Amino acid sequence: MPREAFVNGRYVPHNQGAVHIEDRGYQFADGVYEVVTIFDGALIDEGPHLDRLERSLKALCMDMPMSRPAIKLVARELIRRNGVTNGIIYMQVTRGVAPRDHKFPNDARPALVMTTRQTKPQSAKLLAEGAKVISVPDIRWTRCDIKSISLLPNILAKQEAAEAGAYEAWQVDREGMVTEGSSTNAWIVTGDGKVVTRAASNAILSGITRRTLIKLIQAEGYELEERAFSLEEAKVAREAFITSSSSYVLPVTQIDDATVGNGHPGLLSGKLRQHYSDYMASAGDPI
Ligand code: PMP
């Protein structure tokens, strides 16, 4: 099946999708994005992702490039055209094309691009063994709550992780507290069974998976603390895990040279992963 992309109002063959060299996304990273999971032919948390897109755009003084129903329609059409049943849809909005000048252009039209990707299930080995993470200094700006396409620090962190044979890099602020992964939110389970993740603020991206998992944790009656935790606390935690639209709930069994818990994916992490899987199986929006 030929793969297509949606580029500025048209469906085009994926390998021919192109934007102008003076698109402000290309020159200034002047844009934002979203990634929505497609699970078993349904979109997971589409509404919250579109809410966050609108919020990110607002922070850039931009409006949604199309009405919400139109975006939903195009997303579904693209997913259908590409025959994706499990994977992701990527949506990117930039301020559009204008002669290079830092200040906002008066007349640029926002550029909207959507692509889809069919993904394979997570590797059985990764799930059985848990993920390894390394720690890196958080060198990002103070608006990490905006889902900006400016991802250089995140890319450098992920590359460092890959070179260390790790799945993810946890970014650590100047106070020694973990902010989040390069593309995931970070969680630990304390010795007395409390689930801990950093509170939403400008220091992290408020993950949609994080948000949903918080609701599931509360519904199941587990104890939750939204607070910062240090790298040191994480290394001696009973369990650790990460969340994102692409990783779901993924146990972490090693942080730098420290083994987390007994070195196997934690019991509670496993339960939360199952709760999240059940949620995806039942709460998706049909395509
Ligand atoms: N933090 C960062 C920096 C991210 O890039 C992502 C994934 N986009 C997340 C957290 C997780 O967010 P979500 O659960 O919405 O995918």
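Here the structure is a predicted model, which means the values were calculated and not measured. Order of listing sets the numbers, starting from 1, for every ligand and every atom in it.
When hydrogens are left out, the protein atom nearest atom 6 (C) of ligand 1 is S183 O, 3.3 Å; that is the closest non-hydrogen contact. Of all protein heavy atoms, the one closest to atom 14 (O) of ligand 1 is T209 OG1, 2.6 Å.
A cation-pi contact, defined as under 6.0 Å to the ring centre and within 45° of the axis, is absent between R117 and Y90.
Ion pair R81/E77 flagged as a salt bridge, since at least one NZ, NE, NH1 or NH2 atom sits closer than 4.0 Å to an Asp/Glu carboxylate oxygen. At a threshold of 4.0 Å, the pair D173-R198 counts as salt-bridged, since one of the basic side-chain nitrogens sits closer than that to a carboxylate oxygen. A salt bridge does not link E4 with R10: every distance from a Lys NZ or Arg NE/NH1/NH2 to an Asp or Glu carboxylate oxygen is 4.0 Å or more. We find that D51 and R68 are joined by a salt bridge, their nearest charged nitrogen and carboxylate oxygen being less than 4.0 Å apart. Using a 4.0 Å cut-off between a side-chain N of Lys or Arg and a carboxylate O of Asp or Glu, D138 and R174 do not qualify as a salt bridge.
Residue contact annotation: V35 has no non-hydrogen atom under 4.0 Å from ligand 1.
Close approach of ligand 1 to G207 is summarised as follows: ligand atoms under 4.0 Å from at least one heavy atom of the residue are 12 (O), 13 (P), 14 (O), 15 (O). Ligand 1 places these atoms under 4.0 Å from at least one heavy atom of N185: 10 (C), 11 (C). For ligand 1, the atoms lying closer than 4.0 Å to a non-hydrogen atom of K147 are 5 (O), 7 (C), 8 (N). Near E180, meaning under 4.0 Å from any of its heavy atoms, are these atoms of ligand 1: 1 (N), 2 (C), 3 (C), 10 (C). For ligand 1, the atoms sitting less than 4.0 Å from at least one non-hydrogen atom of N154 are 3 (C), numbered in the order shown with element in parentheses. Within the listing of ligand 1, atoms 3 (C), 5 (O) sit less than 4.0 angstrom from a heavy atom of S182. For ligand 1, the atoms lying closer than 4.0 Å to a non-hydrogen atom of S245 are 13 (P), 14 (O), 15 (O), 16 (O).
Taking distance alone, with nitrogen or oxygen atoms compared against 3.5 Å, I208 approaches ligand 1 more closely than that limit. Between R52 and ligand 1, a contact under 3.5 Å exists for at least one N or O pair.
Side-chain contact of T116 with N82: a donor-acceptor pair under 3.5 Å is present, judged by distance alone.
Note: the hydrophobic cluster containing Y279 also contains F241 (ILVMFWY, side chain heavy atoms under 4.5 Å, direct or indirect links).
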